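Okay, so here's the structure we're looking at.
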Amino acid sequence: MAKLLSCVLGPRLYKIYRERDSERAPSSVPETPTSVTNPSSSSWDTYYQPRALEKHADSILALASVFWSISYYSSPFAFFYLYRKGYLSLSKVVPFSHYAGTLLLLLAGVACLRGIGRWTNPQYRQFITILEATHRNQSTENKKQLANYNFDFRSWPVDFHWEEPSSRKESRGGPSRRGVALLRPEPIHRGTADTLLNQAKKLPCQITSYLVAHTLGRRMLYPGSVYLLQKALMPVLLQGQARLVEECNGRRAKLLACDGNEIDTMFVDRRGTAEPQGQKLVICCEGNAGFYEVGCVSTPLEAGYSVLGWNHPGFAGSTGVPFPQNEANAMDVVVQFAIHRLGFQPQDIIIYAWSIGGFTGGLVTRTVRQHLNLNNSEQLCRYQGPVLLIRRTKDEIITTTIPEDIMSNRGNDLLLKLLQFRYPRVMAEEGLRVVRQWLEASSQLEEASIYSRWEVEEDWCLSVLRSYQAEHGSDFPWSVGEDMSADGRQQLALFLARKHLHNFEATHCTPLPAQNFQMPWHL
């Protein structure tokens with residue numbers, strides 16, 4: 001009876017990883033975790049085959065889940081319609097609650113039938129036995145056997161906790177339960193004119209902004225968090241995950257962030273290969289509709305690096321919602337996992353991030369600034385390490401006019417703000433003007449023409465920077481260029497711009513080829 005209850009409440013099983021030439025034993029397979037055959041490094045190709053009862057019950061529950069999601073998104077309009085028609089009176093609500101209760105009982109019965117179908121299937125019984133054993137004892141052997149299955153990630157045991165002693169003892173400045181520190185926009189001082197009356201006038205807009213950010217706005221900014229989209233992409237995500245596990249020997253793990261969100265990750269270890277770049281770990285941060293299963297992890301994988309992919313909160317197996325604070329907390333636990341569990345040194349970790357797009361418009365501008373502000377340039381300026389920006393010259397998402405207008409590409413602003421912070425004397429009026437001219441180049445030929453017109457002496461630029469670094473250290477901002485001629489500042493500004501930004505002739509969603517995945521420049 002306990003096993004039957006476990007089958008009723010257990011997660012959905014998608015795939016069992018097995019060798020192609022291995023045969024599954026029939027119902028006589030003993031229900032012990034040690035009976036699982038460990039997969040080899042070759043390809044595995046066995047989707048879980050549910051019995052008819054489980055299959056049909058699963059279809060009914062999945063359909064109910066889709067209807068519930070549609071009802072949830074359309075509920076404001078439905079409530080408004082029902083209110084206008086007078087259907088929200090007590091005499092109408094009570095019968096409706098009876099109908100809803102009956103429907104819930106029917107769905108509970110369907111779930112019990114699905115559990116019976118699972119209970120009659122030896123494959124599922126073996127899986128649920130291994131899952132329960134892993135929850136009781138997360139030994140290496142149990143985890144290895146559980147990794148043979150692809151199932152609903154909500155039931156996956158936590159592999160790494162943000163409060164693990166091995167990580168927090170060595171980093172006393174780590175996050176509290178409130179989360180890691182985020183840069184906040186500086187408050188706008190309006191003097192004494194901002195009276196209580198003015199604040200009261202702003203209150204409706206502030207309330208509207210909050211509601212938009214926490215309902216429609218968040219889903220517009222991160223469409224990948226929408227359940228219906230994830231449901232439609234589920235076959236593609238399962239296929240991409242199988243590819244990472246089967247062909248790349250990827251290892252899946254669940255990380256618990258300080259805000260309670262569970263982060264879905266996939267790690268591909270290349271340290272045992274002959275390729276030297278395998279000693280470096282690339283942490284891939286996907287776009288606003290990207291998942292590690294089908295995202296930008298392919299580029300560093302093709303280039304031979306070790307890779308750690310993760311999904312935003314609310315994406316696929318990750319829980320929560322992708323607000324900026326949750327994103328920061330998720331990234332914190334991912335980096336801690338890379339350092340303290342996977343064993344990579346901070347200097348061997350590379351962050352590879354895809355754009356998340358932007359918004360325009362009146363109310364959206366207020367909403368994004370107050371509730372969904374990611375502070376990209378401010379966060380970038382706080383980082384003291386090497387940076388390489390890749391500007392897509394035909395990007396149709398982060399340009400504010402048309403893709404052909406390369407000066408409207410928001411990547412330009414990131415470069416200018418980064419250089420202005422790190423080299424304020426170099427990026428004075430003359431340096432800023434010449435870098436803007438260089439950014440206007442729409443082809444490699446124009447770019448090279450501008451670079452050669454100013455006769456940039458790269459050896460001289462390197463010697464100036466190295467001399468300053470040797471005398472003053474590496475911490476930014478630098479005062480190099482303070483006593484330099486205008487011509488010298490222009491040469492140095494162009495040199496630095498070319499080292500910090502590379503052009504890639506492609507649209508926003510075109511994957512970056514492996515040959516374009518390069519390490520950032522540093523002295």
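Computed from heavy atoms alone, side chains included, the values below leave out hydrogens, waters and symmetry copies. Note that the coordinates shown come from a computational prediction; the quantities given were computed from them, not determined experimentally.
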| Residues two or more places apart in sequence or in another chain: which of them pass ring-ring contact (aromatic ring centres under 6.0 Å, His included) with Tyr352? |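 Listed in chain order: Phe517.
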
| task | Evaluate the criterion side chain to side chain contact (heavy atoms under 4.5 Å, CB included) for residue pair Arg498 and Trp521; output intermediate values, then yes/no. | result | CA-CA 10 Å; Arg498 197 177 193 185; Trp521 169 81; over 6 Å; no

| message | Measuring only between side-chain heavy atoms, which start at C-beta, is Arg252 closer than 4.5 Å to Phe153? | response |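 Yes; the side chains approach each other to less than 4.5 Å.
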
| said: So, using side chain to side chain donor-acceptor pair (under 3.5 Å) as the criterion, who are the partners of Ser467 when residues are at least two apart? | reply: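 Ser467: no side chain to side chain donor-acceptor pair (under 3.5 Å) contacts found.
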
| Non-neighbouring partners of Ser69 that pass side chain to side chain donor-acceptor pair (under 3.5 Å), sequence neighbours left out |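 Listed in chain order: nothing, the list is empty.
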
So, does [X] use its side chain to make a donor-acceptor pair with the main chain of [Y] at under 3.5 Å?
| X | Y | answer |
| --- | --- | --- |
| Glu430 | Ala493 | no |
| Asp405 | Ile402 | no |
| His312 | Glu286 | yes |
| His340 | Gln336 | no |
| Asn150 | Lys15 | no |

Under 3.5 Å, which donor-acceptor pairs link side chains of residues 453-466 to any protein atom two or more places apart or in another chain?
| residue | atom | partner | partner atom | Å |
| --- | --- | --- | --- | --- |
| Glu458 | OE2 | Tyr451 | OH | 3.0 |
| Ser463 | OG | Asp459 | O | 3.4 |
| Ser463 | OG | Trp460 | O | 2.7 |

| query | Counting heavy atoms not belonging to Glu396, are there more than 12 under 6.0 Å from its CD? | reply |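 Count over threshold, so yes.
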
| message | Can you see whether Tyr292 engages Thr265 through a side-chain donor-acceptor pair at a distance of less than 3.5 angstrom? | response |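 No, because no side-chain N or O of Tyr292 sits under 3.5 Å from a partner of the opposite role on Thr265.
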
| said: Ignoring hydrogens and geometry beyond distance, is a side-chain donor-acceptor pair present between Gln325 and Asp259 at under 3.5 Å? | reply: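 There is no such pair (donor and acceptor under 3.5 Å, judged by atom type) between the side chains of Gln325 and Asp259.
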
| said: Going by salt bridge (charged side-chain N to carboxylate O under 4.0 Å, His left out), name the pairs with one or both residues in residues 384-394, residues two or more places apart or in two chains. | reply: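 Sorted result for residues 384-394: Lys394-Glu505.
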
| Hey, mind stepping through Leu432 and Leu416 against side chain to side chain contact (heavy atoms under 4.5 Å, CB included) and telling me if it holds? | CA-CA 8 Å; Leu432 183 62; Leu416 293 175; 3.7 Å; yes

Run the side-chain donor-acceptor check on residues 300-310: report pairs under 3.5 Å with partners two or more places apart or on a different chain.
| residue | atom | partner | partner atom | Å |
| --- | --- | --- | --- | --- |
| Ser306 | OG | Arg270 | N | 2.9 |
| Ser306 | OG | Gly278 | O | 2.6 |
| Trp310 | NE1 | Cys284 | O | 3.3 |

| Are the aromatic rings of Trp68 and Tyr227 close, with centres under 6.0 Å apart? |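 Not close enough - the centres of the two rings lie 6.0 Å or further apart.
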
| message | Does the plane of the ring in Phe344 sit parallel, tilted or perpendicular to the ring in Phe267? Use 30° and 60° as the thresholds. | response |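 If you compare the ring of Phe344 with that of Phe267, the planes turn out perpendicular.
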
